[in-house]
Trainee: 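I'd like to ask you about the structure that follows.
Just the heavy atoms: all of them, side chains too, but no hydrogens, waters or symmetry mates, feed the values below. Model, not experiment: these values are computed from the prediction. Proteins come first, then strands; the chains are lettered A, B, ... in the order of their sequence lines, and each starts at number 1.
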Amino acid sequence: MIDKPARVRFAPSPTGHMHLGSARTALYNYLLARQTGGQFILRIEDTDQKRYVPGAEKELIDGLHWLGLDYDEGPDVGGSFGPYRQTERRETYREHVQKLVDLGKAYPCFCTPERLEKVRQEQQQQKIRTHYDGFCRNLDPQEAAARIASGEKHVIRFKMPSEGTTTALDYIRGPITVENKLLDDSVLMKSDGWPTYHLAAMVDDHLMEITHVFRSSEWLGTFPLHANIVRAFGWEEPIWIHLSIFLKPSGKGKMSKREKAEAIKDGYSIFVKDLQDLGFIPEGLNNWAALMGWGAGETEDILTLPEMIEKFDLHHLNPSPAAINFTKLDYFNGAHIRMLALDDLAARIKPYFLRENYKVDDATLLKIVPLIRERLVTLDDCLPFAAWFFKETLTINPADLVAKNLDSAQSAQVARKIYAVLENLPNVSHAVAEAPMRALTENLGLSLGQVLGLLRVAVTGQMVSPPLFESMEIVGKSLVLERLRNAIDILEKMSV
RNA sequence: GCCCCCAUCGUCUAGUGGCCCAGGACGGGGCCCUCUCAAGGCCCAAACAGCGGUUCGAGUCCGCUUGGGGGCACCA
């Protein structure tokens, strides 16, 4: 599907951590821009002074970079439609809201927050719709001007048409119609002089020549308002695409704050930064997030970013809410890890060893990677599988050394036999060691599981490890024999 | 309370009136491979919320019911 170049924007507010929903919205924006040869823009919607979180913008930018969703215009990269931070566009909003006032499509309102709260409570008591009662809607313009001149605090409200209906077109849902009398005279400009989202986003989308607006379906309620604002200015509307929201794994509502915190304990999170720390890779995360709400086709599942760019199609976006399925994220992550080049994977898991203070040498690491690659679900799984490679001494649970269906004395006996065989080999490489070990197993009348299981624990210190012979090849003969000697000691001590 | 949106296997989805006794993927179960754990291969169970229409024909169109979700700020 190749269309005209799209200008799209990801417009988060720096009020907290970047979460999954944001990541997916950003991804869809990116995909459409790249597919059509258009531009992907980052705009920071920071007009709410009270909710501003220092560092949030940086986290957003870092998150985007980590995900590989590079943007063409934004606060840190510039562009000819800037500035890209709404706090730097205050004058623009002021001019535009004035235009609306002059047009008679917006008006100053002097109601105090206290009065509004009182009105709201009364409405709730009467069980009627909570809305602005229009107290200032028909103030005499002269009088209003005088009150403003005298410095009286006020906001600017949009004068919503009071009769008829408004129909706005959502790309994936079709036309959405509401009765205008149900619509509120929303605040466009706050008393602190900053615009609300309703005004700022509409103005910016127009001025920045945005062609497609991807946003959460949480905006559906104010969709008619926004359409009315755009129309009041006489502007052309962008294509609106309201994305389904993400539900908690049970499918019952959005994740609560508490549930978000709980998820971390299970090794999951809805925050991009956490997911990164937890060992998820951008390739896996993008793939998983993309497919929540987008039907990519009949059979395709594992997709790379370039493949997604090629296949992305607005027609296959899904309007229904989607329950988060972290198990499926595991699958996508593992699948993409397996697709990584060996040196790439090595570079990505190295920090996890360093984080635990292991001394990692790159040559060894590179030899280990092919052994553990298909075993990793998340990057930090490298630790349980391969940390032992970098340990000076092993901590062995003696009971693990005792081979299945044998006692400690018998196991010690087997261990000595293994030692004797390995000792006489030129080295313990896979090619050299396997056949003799199989032969030994057969001679002893034991199973491979019994013999190699014992050897595994002796060499790696654990019951589960990467393939034994390949591992021994990396460790080397002398260390293998040393550890085997140690294992024999342990078993002999157990037997007395 | 009011408004809006949504509705196919447990989950994510394919399906745009006949190609569907509904396809794929995750998860689950079984088998194979196998030195552990994985990965991989094969197989199985599993869904059109209900009821009315429209039509020669409906998962697909319409209505209602039910269920679910979102919203009703000088937050975004």
Trainee: Touch check for A:Pro319, heavy atoms < 4.0 angstrom, all strands: base, sugar-phosphate only, or nothing?
Mentor: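 Result for A:Pro319 = sugar-phosphate.
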
Trainee: How many whole angstroms separate atom CG of A:Leu225 from atom P of B:rA73?
Mentor: 12 Å

Trainee: Rounded to whole angstroms, how far apart are CD on A:Glu307 and C1' on B:rA25?
Mentor: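 It is 15 Å, rounded to the nearest whole Å.
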
Trainee: Checking all strands, does A:Gly293 fall into the base, sugar-phosphate, or nothing category for heavy-atom contacts under 4.0 angstrom?
Mentor: sugar-phosphate

Trainee: Tell me what A:Cys111 touches on the nucleic acid: a base, only sugar-phosphate, or nothing, going by heavy atoms under 4.0 Å.
Mentor: base

Trainee: Charged N to carboxylate O under 4.0 angstrom, A:Glu473 versus A:Lys367?
Mentor: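 No.
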
Trainee: At under 4.0 Å, does any side-chain N or O of A:His316 touch on OP1 or OP2 of B:rU16?
Mentor: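 So the side-chain polar atoms of A:His316 never come under 4.0 Å of the phosphate oxygens OP1 or OP2 of B:rU16.
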
Trainee: Of all of residues 394-405 of chain A, which get a heavy atom below 4.0 angstrom from RNA chain B, listed by number?
Mentor: none

Trainee: I need the single residue from A:Tyr28, A:Phe223, A:Trp219 that forms a ring pair (Phe, Tyr, Trp, His ring centres under 6.0 Å) with A:His242. Which is it?
Mentor: A:Phe223

Trainee: Can you tell me how far apart CG (A:Leu401) and CE (A:Met463) are? Round to the nearest 0.5 Å.
Mentor: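 One finds 9.5 Å between CG of A:Leu401 and CE of A:Met463.
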
Trainee: What's A:Ser244 touching, base or sugar-phosphate or nothing? Going by heavy atoms closer than 4.0 Å.
Mentor: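 Nothing, no nucleic acid heavy atom in range.
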
Trainee: Rounded to whole angstrom units, what separation is found between the NE2 atom of A:His226 and the P atom of B:rA76?
Mentor: 10 Å

Trainee: Please step through ring-ring contact (aromatic ring centres under 6.0 Å, His included) for the pair A:His19 and A:Phe246, ending with a clear verdict.
Mentor: CA-CA 11 Å; A:His19 55 82; A:Phe246 288 160; 8.5 Å; no

Trainee: Identify whether any heavy atom of A:Val155 sits under 4.0 Å from a base atom; if not, whether one sits that close to sugar-phosphate; answer base, sugar-phosphate or nothing.
Mentor: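 Here A:Val155 touches the bases of the nucleic acid.
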
Trainee: Using 4.0 Å as the upper bound for N to carboxylate O, is an ion pair formed by A:Arg89 and A:Asp204?
Mentor: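 Result for this pair is yes, salt bridge flagged.
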
Trainee: Looking for any heavy atom pair under 4.0 Å, which part of the strands does A:Arg173 touch: base, sugar-phosphate only, or nothing?
Mentor: sugar-phosphate

Trainee: When you check every protein heavy atom under 4.0 Å of nucleotides 62-71 of chain B, what one-letter string (B, S, -) results, 5' to 3'?
Mentor: -------SSS

Trainee: How long is the line joining NZ of A:Lys127 and P of B:rC3, in whole Å?
Mentor: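 Computing the A:Lys127:NZ to B:rC3:P distance gives 15 Å.
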
Trainee: For nucleotides 33-41 of chain B, give me one character per nucleotide, 5' to 3': B if any protein heavy atom sits under 4.0 Å from the base, S if the only such contacts are to the sugar-phosphate, - if neither.
Mentor: --BBBBSS-

Trainee: Are there more than 12 heavy atoms of other residues, nucleotides or ligands under 6.0 Å from atom CD of A:Gln49?
Mentor: yes

Trainee: Could you state the CG-C1' distance from A:Leu303 to B:rA14, rounded to the nearest angstrom?
Mentor: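 Atom-to-atom, A:Leu303 to B:rA14, this comes out as 14 Å.
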
Trainee: For B:rC75, does either OP1 or OP2 sit under 4.0 Å from a side-chain N or O belonging to A:Lys190?
Mentor: yes

Trainee: Establish whether the base of B:rC74 is bridged to the side chain of A:Ser191 by a donor-acceptor pair shorter than 3.5 Å.
Mentor: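 For A:Ser191, whose side chain was compared with the base of B:rC74, there is a donor-acceptor pair (under 3.5 Å).
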
Trainee: Looking at B:rC75, B:rA73, B:rC5, which one has an atom nearest to any side-chain atom of A:Thr130?
Mentor: B:rA73

Trainee: Contact list please: residues 194-204 of chain A against RNA chain B, heavy atoms, distance less than 4.0 Å, in numerical order.
Mentor: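 Hits under 4.0 Å, by residue number: A:Pro195, A:Thr196, A:Tyr197.
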
Trainee: Flag the pair A:Asp185 and A:Lys159 as a salt bridge only when some basic side-chain nitrogen lies within less than 4.0 angstrom of an acidic carboxylate oxygen.
Mentor: no

Trainee: Atom CZ of A:Phe332 and atom P of B:rG27: how far apart are they, to the nearest Å?
Mentor: 10 Å

Trainee: Using whole Å, report how far CZ of A:Phe135 lies from P of B:rC74.
Mentor: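 Distance check: A:Phe135 CZ to B:rC74 P gives 16 Å.
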
Trainee: For atom CZ of A:Phe135, is the number of surrounding heavy atoms from other residues, nucleotides or ligands below 6.0 Å larger than 12?
Mentor: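 At most 12 heavy atoms, drawn from other residues, nucleotides or ligands, come within 6.0 Å of this atom.
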
Trainee: What is the distance from CG of A:Asn287 to C1' of B:rC26, rounded to the nearest Å?
Mentor: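 My rounded result for the distance is 12 Å.
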
Trainee: Determine the contact category for A:Asn318: base if any of its heavy atoms lies under 4.0 Å from a base atom, sugar-phosphate if only primed atoms, P, OP1 or OP2 are that close, otherwise nothing.
Mentor: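 Touches sugar-phosphate only.
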
Trainee: Is a salt bridge present between A:Glu259 and A:Lys257, judged by a nitrogen-to-oxygen distance below 4.0 Å?
Mentor: no

Trainee: Below 4.0 angstrom from OP1 or OP2 of B:rG24, is there any side-chain N or O of A:Lys328?
Mentor: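 For B:rG24, OP1/OP2 do not have a side-chain N/O of A:Lys328 under 4.0 Å.
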
Trainee: May I ask you to decide whether A:Glu114 forms a salt bridge with A:Lys118, counting only side-chain N to carboxylate O separations under 4.0 Å?
Mentor: no

Trainee: For residues 167-181 of chain A, which residue pairs qualify under salt bridge (Lys or Arg N to Asp or Glu O under 4.0 Å), counting only residues two or more places apart or in two chains?
Mentor: A:Asp170-A:Arg173, A:Glu179-A:Lys181

Trainee: If you count heavy atoms of other groups shown closer than 6.0 angstrom to CD of A:Glu442, is the number above 12?
Mentor: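 Not buried by this count: 12 neighbours or fewer within 6.0 Å.
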
Trainee: Hey, are A:Arg115 and A:Glu122 close enough for a salt bridge, meaning a charged N less than 4.0 Å from a carboxylate O?
Mentor: no

Trainee: By a strict heavy-atom criterion of less than 4.0 Å, which residues belonging to residues 12-26 of chain A are in contact with RNA chain B?
Mentor: A:Ser13

Trainee: Both distances under 3.5 Å, Watson-Crick or G-U wobble: report the partner of B:rG10, or none.
Mentor: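 By the stated definition (distances under 3.5 Å), B:rC26 pairs with B:rG10.
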
Trainee: Any salt bridge linking A:Asp46 with A:Arg51? Criterion: basic side-chain nitrogen under 4.0 Å from a carboxylate oxygen.
Mentor: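 Result for this pair is no, no salt bridge flagged.
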
Trainee: Counting only Watson-Crick pairs (N1-N3 plus N6-O4 or O6-N4) and G-U wobbles (N1-O2, O6-N3), all under 3.5 Å, who is the partner of B:rA38?
Mentor: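 Paired with B:rA38, as far as the under-3.5 Å criterion goes, is no nucleotide at all.
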
